[in-house]
Amino acid sequence: MTDKQRACLDLLLEHKTSKQIGRDLGVSKYTVDQRITAARLVLGGRDRGDTANRYARLRKICDRIAYDPVEVPAPPSPMASRRADDGPATVLGLGETRRAEDGMSLANLSFGKIWRHDHKLHTRMAITAAALVTLIIFVLGSLGIAESLTRLVAS
């Protein structure tokens, strides 16, 4: 059952009419009737009263919290820099690596941004065509070099 159906059944257990439930939830009476009918089909009740009784029995069994809620710690606050120049400290994220000689991030060198999931079909086809053309030029260039080297060695 959905949360909306449960909300309707919770108010039905308080002996409220569909109109009153609709006012409390901010929906129409007909929407409440649809949700209760859908819940009745799920629970196998004969009518609204039987559905409410079945829901009340199941709620006693199923609505217990089986675990403590997870507590998410607050994000860490930045610390003051202890560098001699008092400039901002260079901090790397978990996914970053850094080149020692020039300080460029290797994450910026990856090709993950080229083939993103949010590109449209024509963009992906253009990227594929560009990669294919590059591959063909590379193969033809390699064959040309191989032929030149073969002629050079043969003569």
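No side-chain heavy atom of Y55 sits under 4.5 Å from any side-chain heavy atom of L12. Between R40 and T37, some side-chain heavy-atom pair lies under the 4.5 Å cut-off.
Among D3, I21, V27, the one residue that satisfies the side chain to side chain contact (heavy atoms under 4.5 Å, CB included) test with C8 is I21.
The CG atom of L132 sits 11.5 Å away from the CE atom of M125 when rounded to the nearest 0.5 Å. Here CG of L121 is found 9.0 Å from OG1 of T128. Values are rounded to the nearest 0.5 Å. To the nearest 0.5 angstrom, R35 atom CZ is 5.0 Å from K4 atom NZ.
Side-chain atoms of Q5 come within 3.5 Å of backbone N or O of T2 as a donor-acceptor pair.
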List the steps, then state whether side-chain contact (heavy atoms from CB on, under 4.5 Å) holds for M1 with L43. CA-CA 9 Å; M1 278 193 312; L43 295 174; 4.2 Å; yes
Determine whether R59 and D10 satisfy the following criterion, side-chain contact (heavy atoms from CB on, under 4.5 Å), listing intermediate values before the conclusion. CA-CA 9 Å; R59 193 172 79 171; D10 285 334; 2.7 Å; yes
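Transitive grouping of hydrophobic side chains (ILVMFWY, heavy atoms separated by less than 4.5 Å) keeps V153 and I145 in distinct clusters.
Here salt bridge (charged side-chain N to carboxylate O under 4.0 Å, His left out) pairs that include residues 135-149, with residues two or more places apart or in two chains, are E147-R151.
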Could you list the donor-acceptor pairs under 3.5 angstrom formed between side-chain atoms of residues 44-52 and any protein atom two or more places apart in sequence or on another chain?
unit_1	atom_1	unit_2	atom_2	d
D47	OD1	G49	N	3.4
D47	OD1	D50	N	2.9
R48	NH1	S18	OG	2.8
R48	NH1	D33	OD1	3.4
R48	NH2	S18	OG	3.2
D50	OD2	R46	N	2.9
D50	OD2	R54	NE	3.1
T51	OG1	D47	O	2.8

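Considering all non-hydrogen atoms of both residues, H15 and Q20 come closest at O-OE1, 4.5 Å.
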